[in-house]
Q: 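Dumping the structure here so I can ask a few things about it.
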Amino acid sequence: MAQIQWFPGHMAKARREISERMKVIDIVIELVDARAPYSSKNPMINEIIKSKPRLIVLTKKDMANESMTAKWVHYYESLGYQAMSVNLKNFNEYQKIIEKCRTVLKPKMDKELSRGLKPRAIRAMVLGIPNVGKSTFINKLANRKATVTGNKPGVTKAQQIIRVDKDFELFDTPGVLWPKFDDEHVAKNIALLGSIKQSILPLDDLFIDAIKFITLHYPELLQQRYQLEIDLEDPDWVLDTFDHIAKLRKIKPLKGETDYDRVIELFFSEVNDGSIGRITWEDPSCIKE
Ligand code: G4P
């Protein structure tokens, strides 16, 4: 789990370094998390990459609700972007991303050829906030086991180009960007993705919000995982939910009381590892812009 402290200096540096790289790349692969495809975006990406061709890739589609993912891809396409969803744990998906980049850039490459320029490889760069799958993506294409980059703001120093095949090249370090910290809806979703350790919300509030959301949108998941049916009109639903999960999972009481912290911890570990089921935390209609 990433824990990055972002300061104005970091943001300016990230921005500068990424702008610098824009000069030598043909396409940006912007990774966002399919479970919250708006909240996991950087707020200034348009200003940072300007008119550079871009492919928005919704990662972790295996953990998100399928029809919501289709809705989000459609939403980004309706804004004029190229978008697709993937499960980066599945190697077959990588070729699809490369193919899509080629399709996006075909007009540009054709133009170069018609002007007599030599055929050349497309050069791409991966961008995104922490935990969206940047290192997984790059490491897989580079055929490496672990990342050397870490989650440092900006672009990490060693700049190497990986030749994935004769037509496709990739920077071996991603651009690490920041999420929209100042928006409470976003901060909550980012915390629900497990993308950052510290949440601005106390964990018990986050737990209550998450259970409420799942009750409203995915009640069958609570039923399947915890045999829980919640009536949000019932004034005792919060305490009853804690007690129910604690009893079901045999969480030992603390001084005769339900161990709320353990229940919360268990619940979030099951949300983060996907064992509760596939959840998308936001709908395109939530976007106020
Ligand atoms: P980052 O560089 O953008 O910070 O993200 P990173 O690649 O480190 O990925 C963060 C976590 O998300 C990793 O899990 C990674 O395996 C997982 N992940 C990335 N893409 C997908 C996807 O499409 N589907 C699923 N299910 N998981 C994905 P981790 O627990 O930190 O490590 P590990 O499980 O790989 O050991």
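Counting from 1, the numbers follow the sequence of the chain as shown. As the structure lists them, so they are numbered: ligands from 1, and atoms in each ligand from 1.
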Q: If you count heavy atoms of other groups shown closer than 6.0 angstrom to CD of E112, is the number above 12?
A: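 Correct, the count exceeds 12.
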Q: Who's closest to atom 15 (C) of ligand 1 heavy-atom-wise, of V86, N139, L88, T136?
A: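 It is T136 that holds the nearest heavy atom.
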Q: So is there a nitrogen or oxygen of V132 less than 3.5 Å from a nitrogen or oxygen in ligand 1?
A: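 Min N/O separation from ligand 1 is below 3.5 Å for V132.
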Q: Check for a donor-acceptor pair, side chain of E93 on one end and backbone N or O of L88 on the other, with a separation under 3.5 Å.
A: no
Q: Within ligand 1, which atoms have a heavy atom of M63 less than 4.0 Å away?
A: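 Those qualifying, in numeric order: 26 (N).
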Q: With heavy-atom distances below 4.0 Å as the criterion, list the atoms of ligand 1 near N131.
A: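 Atoms satisfying the 4.0 Å criterion: 1 (P), 3 (O), 4 (O), 5 (O), 10 (C), 11 (C).
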Q: Considering both backbone and side-chain atoms of T59, is one of its nitrogen or oxygen atoms within less than 3.5 Å of a nitrogen or oxygen in ligand 1?
A: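 Between T59 and ligand 1 (N or O atoms, distance only) the closest approach is not under 3.5 Å.
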Q: Any N or O of P130 that comes nearer than 3.5 Å to an N or O of ligand 1?
A: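 Not met; the criterion fails.
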Q: Any carboxylate oxygen within less than 4.0 angstrom of a Lys/Arg side-chain nitrogen, looking at K89 and D62?
A: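 Looking at D62 together with K89, the answer is no, because their closest N to O distance does not fall below 4.0 Å.
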Q: Search all heavy atoms of L192 against all heavy atoms of A210 and return the closest pair with its distance.
A: CD2-CB, 3.7 Å
Q: Under 4.0 Å from a heavy atom of K89: which atoms of ligand 1 are those, numbered in the order shown and with their elements?
A: 16 (O), 24 (N), 25 (C), 27 (N), 28 (C), 34 (O)
Q: What residue among L141, T103, D167 forms side chain to side chain contact (heavy atoms under 4.5 Å, CB included) with I98?
A: L141
Q: By the definition side chain to side chain contact (heavy atoms under 4.5 Å, CB included), identify the one residue from L222, T241, L228 that meets it with T215.
A: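 Passing option: L222.
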Q: Any atoms of ligand 1 less than 4.0 Å from a non-hydrogen atom of N87? List them with their elements.
A: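 Near N87, the atoms of ligand 1 are 22 (C), 23 (O), 24 (N).
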Q: If the threshold is 4.0 Å, N to carboxylate O, is there a salt bridge linking E99 and K96?
A: no
Q: What about K61: any of its N or O atoms under 3.5 Å from an N or O on ligand 1?
A: no
